[in-house]
Protein chains: 2
Amino acid sequence: MSLRHGLLGLLADGPASGYDLLRRFDNSLVNVWPASQSQLSPELNKLARDGRVEVVEEGGRHRKTYGITEAGRAELRHWLVEVPPVRAPRSEALLRVFFLRTLDPDEARGYLRKEAAAYRGWLDHLEQLRDELPWSDSGFDRFGRIALESGIRTAAALIEWAEWAEHETEHRPAGP
Amino acid sequence: MSLRHGLLGLLADGPASGYDLLRRFDNSLVNVWPASQSQLSPELNKLARDGRVEVVEEGGRHRKTYGITEAGRAELRHWLVEVPPVRAPRSEALLRVFFLRTLDPDEARGYLRKEAAAYRGWLDHLEQLRDELPWSDSGFDRFGRIALESGIRTAAALIEWAEWAEHETEHRPAGP
DNA sequence: GTGGTCATGTAATACGTTACATGATTTC
DNA sequence: GAAATCATGTAACGTATTACATGACCAC
């Protein structure tokens, strides 16, 4: 139900159309919760049926501007305060690590080296966002920066891990 | 397709039934790729249809023991070496951070404090695994330990982040 | 013979991705 | 008037979760 609450959270900032919301997702939330246009459409209709949002304006080009309702704010708040986050740290990249034993040591090291490079690219990207985005003092930007910092620290830790892991697989014969 | 390759990777270690594989998932892979019994059943049949595994033994209690085929090993290898991992770092916990601005500062700090505690619990769990598991020198255990280390370092980074973030939201009036 | 564990399978539901369909408005 | 952009919606497909169904074998 995270998409649902993502939409409510964005609408808590002010009314928007599905199209606007898609861009907000792509600008700010894409690194933590990507969403596609074809998901927003039905989800917004569902939120409207449930009374969590309402159409506050209908413009040209079929545009429907949605606003959050009191019931929507209550649900958002309830989700944030009462519902414990699901931690489902599925990681395909890490799953592969378990199976590196089926490769030659050189190939395994190659995989870890590529991992390190990929995390470095991700870190560069996030640091660029941090340094180049026009951060305001608004609550949205403040917490956006805090979320970004989480990604930066995680990426940094994973770079070090991948380099350590590559080194760890060197100079050691495989066991039975 | 990670479940598929997770099964192939486990079978690369030796033949097993779906039931055995479920336990292997729950023992070793659960932290990176949880799987349920009802997923394994159809996936193993599909792998058998595709010639990636084969039934090498049928025992009592409907038990079917699967072994990986050459085609299965080839697919596993191809996946590991050629297919770049999907990095889909969806994080519900981090999504919430964006919306903490809709709460009172005290409540927002409470959320971050709970996050820190949750990550600490996760770290404790992983360190306990590291210290208590009977690690052998086998390739499986070596890379399992390397994967575990990734979780430990990530958890440590996230604890520090959550504590930093909690402090960051103190002593500052919210902007517009 | 009863309860526990081994063992596989199906069905309903939910969520996410990709691709496609449709049409209005603006810009050149 | 053609192309780009705005704007919403549907359909097909793949995958994950939960719950349920079925039955064999073992230990007591």
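Below, read A as the first sequence line, B as the second, and so on, with proteins coming before strands; counting in each chain starts at 1.
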Q: Which residue in the set Glu168(A), His167(A), Glu166(A) passes side chain to side chain contact (heavy atoms under 4.5 Å, CB included) when paired with Leu112(A)?
A: Glu166(A)
Q: In chain order, what residues pass the side-chain hydrogen bond (donor to acceptor under 3.5 Å, both in side chains) check against Asp141(A), with sequence neighbours excluded?
A: Ser136(A)
Q: Tabulated below should be each protein N or O lying under 3.5 Å from an N or O of nucleotides 21-23 of chain D; please produce it.
A:
none

Q: Just checking Arg4(A): base, sugar-phosphate only, or nothing, at a heavy-atom cut-off of under 4.0 Å?
A: nothing
Q: Which residues in residues 11-35 of chain B have at least one heavy atom lying under 4.0 Å from any atom of DNA chain D?
A: Trp33(B)
Q: Taking 4.0 angstrom as the limit, do Glu115(B) and Arg96(B) come out as a salt bridge?
A: no
Q: Check Arg52(A) against Arg4(A) and note the closest heavy-atom contact, atom names and distance.
A: NE-NH2, 3.9 Å
Q: What residues in residues 75-87 of chain A put a non-hydrogen atom under 4.0 Å from any atom of DNA chain C?
A: none
Q: Classify the ring geometry of Phe140(A) against Phe98(B): parallel below 30°, tilted from 30° to 60°, perpendicular beyond 60°.
A: tilted
Q: Which atoms form the tightest heavy-atom contact between Leu11(B) and Tyr66(B), and what is the distance?
A: CD2-O, 3.5 Å
Q: To the nearest Å, how far apart are Met1(A) CE and dC15(C) P?
A: 7 Å
Q: Could you tell me whether the phosphate oxygens of dC6(D), OP1 or OP2, come under 4.0 Å of any side-chain nitrogen or oxygen in Arg63(A)?
A: no
Q: Is it true that Arg23(B) and Asp26(B) have a side-chain N and a carboxylate O under 4.0 angstrom from each other?
A: no
Q: Could you list the residues that satisfy side-chain hydrogen bond (donor to acceptor under 3.5 Å, both in side chains) with Ser41(A), not counting sequence neighbours?
A: none
Q: In chain order, what residues pass the salt bridge (charged side-chain N to carboxylate O under 4.0 Å, His left out) check against Arg101(B), with sequence neighbours excluded?
A: Asp13(A)
Q: What class does the angle between the rings of His5(B) and Trp79(B) fall in, given that below 30° is parallel, 30 to 60° is tilted and above 60° is perpendicular?
A: parallel
Q: Determine whether a donor-acceptor pair (one donor, one acceptor, N or O, separation below 3.5 Å) exists between the side chain of Ser38(B) and the base of dT18(D).
A: yes
